Amino acid sequence: MSSPFDDPVSRENTCSVKFDARQAVFGTEEVIPVWVADMDFAAPEAVTRALAERAAHPVYGYTLFPDSLYQSMIDWFANRHGWEIQREWILMAPGVVPSINAACMAYAGPGEGVIIQPPVYPPFFSSVRHSGRVVIENPLVPEDPDTGDPGHYRMDLDHLEECAARPDARVLLLCSPHNPVGRVWSEEELRAVLDIARRHQLVVVSDEIHCDLIFPDKPRHTMLANLAGPDDALVMAVAPSKSFNMPGLGLSALVIPDAERRKAMKAVFESMHLPQCNPFSIAGFEAGYRHGGPWLDDLMAYLQANRDYVVEAVGQRLPGIRVSAPEGTYLMWLDCRELGLDDAGLKRFFVQKAGVGMNPGLSFGDPGSGFMRLNIGCPRSVLKEVIGRIEAALDRDVSDH
């Protein structure tokens with residue numbers, strides 16, 4: 001049975017980073033781009049309709065955030081996640097990455113420490129370093145203690161305690177669900193994080209941009225705020241951008257219950273004169289949260305089938321590569337260490353021999369060495385071509401040797 005997500009949408013020559021930057025990133029346009037974390041699917045019809053309706057008004061001036069925008073977000077998180085947000089807690093922001101940068105400046109001084117958990121989204125590193133703060137690494141542990149699955153990561157909570165106890169530690173950047181390893185953190189893990197943060201007076205900045213992208217057969221996502229107490233130092237970063245495939249619109253939200261911490265974040269934004277919206281980002285944001293639910297449910301069913309296809313195909317057809325089924329996100333973390341290639345050689349193999357453009361694992365920190373990140377947010381026919389190309393390249397490599 002066909003799905004609308006099977007229908008290809010041409011993104012070439014649309015100034016798409018994922019497609020039109022292939023020459024600059026990979027040195028060739030002849031790769032299938034399965035790297036940047038946006039999807040190749042048309043956004044929900046309601047989002048496109050809202051943008052078209054706004055475009056029909058021919059003046060695109062400075063724009064206020066309407067009350068209906070806030071209410072759409074409040075309703076979404078109450079209905080989908082059981083999270084009750086008060087209107088005054090919300091600070092609109094020009095994207096989650098700028099928010100992470102701003103949080104480093106708002107809650108840690110120059111030379112003070114910010115804890116991250118690699119392998120992790122590259123801006124976690126750059127946000128800390130570019131703001132003149134110090135990266136404190138608390139690497140994830142790549143093994144499930146119950147099953148021994150090396151693709152199922154867990155937090156090293158004892159080491160996190162040591163990191164938090166450093167006299168210079170001020171902030172913990174939490175990626176929940178985690179990019180790139182696809183973990184949906186358990187309540188037990190999240191409660192432990194909050195306990196550590198309380199003991200050491202850390203501000204926890206929880207990037208939950210992937211919170212809606214949870215596979216139906218995996219544990220539900222728990223918003224960290226639902227476990228936190230009123231005195232916890234917590235900043236929640238959310239956005240409809242990944243949920244409804246509109247990251248180019250660039251509008252996100254921070255939920256900061258404490259007024260002083262909210263004021264500190266707002267001061268950083270204002271000091272940089274960051275533009276926080278445009279009329280189209282507002283229209284898309286509200287339409288996604290108001291009307292995107294059925295589309296998202298269909299999307300996750302399709303992505304689950306994509307995920308299962310990749311797990312089976314890798315296991316059966318790609319010797320030397322291993323992958324575990326992620327619990328959330330549309331990203332898969334391929335363990336290529338058994339191929340025996342260094343990271344430069346691994347990139348050459350996939351680009352030059354297989355014609356597949358993925359994110360090198362090393363870009364997510366040293367623990368990502370030997371891995372590649374695959375974006376499965378595309379028609380299944382594309383994934384079949386990706387697997388076929390890698391399989392053929394592996395066959396050629398074997399025959400060459």
Side-chain angles (χ1 to χ4, degrees), residues 17 21 24-25 35-37 93-140 153 155-156 159-181 193 196-197 200-210 233-237 239 241 247 250 252 254 256 261 264-275 331 333 343-344 347 359-373:
V17 171
V25 173
W35 60 302
V36 171
V96 170
V97 172
S99 297
I100 293 169
N101 279 265
C104 292
M105 291 185 276
Y107 307 124
E112 291 185 326
V114 178
I115 302 169
I116 64 173
Q117 297 176 309
V120 72
Y121 184 46
F124 275 42
F125 291 92
S126 58
S127 296
V128 179
R129 291 171 177 153
H130 292 167
S131 62
R133 278 63 180 168
V134 175
V135 171
I136 302 174
E137 295 194 23
N138 168 228
L140 301 179
Y153 286 72
M155 295 189 203
D156 186 341
H159 184 254
L160 177 58
E161 184 93 47
E162 294 175 13
C163 294
R166 285 179 42 160
D168 62 332
R170 296 290 179 269
V171 176
L172 167 62
L173 298 181
L174 181 69
C175 195
S176 178
H178 193 280
N179 170 13
V181 308
V193 167
I196 291 169
H200 301 285
Q201 298 182 307
L202 293 179
V203 177
V204 181
V205 179
S206 191
D207 171 4
E208 306 204 14
I209 196 171
H210 291 101
L234 181 61
V235 175
M236 299 282 288
S241 54
S252 69
L254 296 169
I256 311 174
R261 291 188 194 95
M265 183 71 81
K266 187 175 182 181
V268 174
F269 285 148
E270 290 177 347
S271 72
M272 295 186 285
H273 301 278
L274 282 173
L331 307 165
W333 191 232
D343 289 290
K347 184 175 180 180
N359 292 92
L362 194 61
S363 65
F364 300 87
D366 290 342
S369 178
F371 290 78
M372 301 293 286
R373 191 188 74 174

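None of the values given here were measured: they were computed from a predicted structure.
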Inset, instruction - Hey, could you give me the CE/CE distance between Met265 and Met105, rounded to the nearest 0.5 Å? - result: 9.0 Å
Legend entry - From OG (Ser99) to CE (Met236), nearest 0.5 Å: 13.0 Å
Inset, instruction - Quick one: do Phe125 and Glu137 satisfy side chain to side chain contact (heavy atoms under 4.5 Å, CB included)? Show the steps, please. - result: CA-CA 9 Å; Phe125 291 92; Glu137 295 194 23; 3.6 Å; yes
Legend entry - Gap separating the SG atom of Cys175 from the CD1 atom of Ile116, nearest 0.5 angstrom: 10.5 Å
Legend entry - Check: Arg261 main-chain N/O paired with Tyr107 side-chain donor or acceptor under 3.5 Å: yes
Would you tabulate the side-chain donor-acceptor contacts of residues 361-371 under 3.5 Å, counting partners in other chains and residues two or more places apart, or write 'none'?
from: Ser363; atom 1: OG; to: Pro360; atom 2: O; distance (Å): 2.7
from: Ser369; atom 1: OG; to: Asp343; atom 2: OD2; distance (Å): 2.6

Legend entry - Working for side chain to side chain contact (heavy atoms under 4.5 Å, CB included), residues Leu173 and Asp207: CA-CA 7 Å; Leu173 298 181; Asp207 171 4; over 6 Å; no
Legend entry - Side-chain donor/acceptor of Asn101 to backbone N/O of Ser131, under 3.5 Å: no
Legend entry - Val36 versus Val17, closest heavy-atom pair with distance: CG2-CG1, 3.9 Å
Inset, instruction - Please name the pair of heavy atoms, one in Ser126 and one in Pro123, separated by the smallest distance, quoted to 0.1 Å. - result: OG-CA, 3.2 Å
Inset, instruction - Might you point out which heavy atoms bring Ser127 and Val97 nearest each other, and give the distance in Å? - result: OG-O, 4.2 Å
Inset, instruction - For the pair Arg170 (side chain) and Val203 (backbone), establish whether a donor and an acceptor sit closer than 3.5 Å, ignoring hydrogens and angles. - result: no
Legend entry - Contact summary for Ala233 and Leu202, nearest pair of heavy atoms: CB-O, 3.6 Å
Inset, instruction - May I ask you to test the Arg166-His200 pair for a side-chain heavy-atom distance under 4.5 Å? - result: no
Inset, instruction - Assess whether side chain to side chain contact (heavy atoms under 4.5 Å, CB included) is satisfied between Leu140 and Met155, documenting all intermediate values. - result: CA-CA 5 Å; Leu140 301 179; Met155 295 189 203; 4.2 Å; yes
Legend entry - Qualifying residue, where the test is side-chain contact (heavy atoms from CB on, under 4.5 Å) with Trp333 and the options are Val181, Asn179, Asn359: Val181
Legend entry - Results of side-chain hydrogen bond (donor to acceptor under 3.5 Å, both in side chains) for Arg133 - residues two or more places apart only: none
Legend entry - From CG (Leu172) to CD (Gln117), nearest 0.5 Å: 5.5 Å
Inset, instruction - Any chance you could measure Ile209, atom CD1, to Tyr121, atom OH, to the nearest 0.5 Å? - result: 7.0 Å
Legend entry - Nearest heavy atoms of Ala169 and Ile115, plus distance in Å: CB-CD1, 4.4 Å
Inset, instruction - Measure the spacing between CD of Glu162 and CD1 of Ile136 and express it to the nearest 0.5 Å. - result: 12.0 Å
Legend entry - His210: partners by ring pair (Phe, Tyr, Trp, His ring centres under 6.0 Å), with sequence neighbours left out: none
Inset, instruction - For residues Pro180 and Leu331, determine if any side-chain heavy atom of one lies less than 4.5 Å from a side-chain heavy atom of the other. - result: no
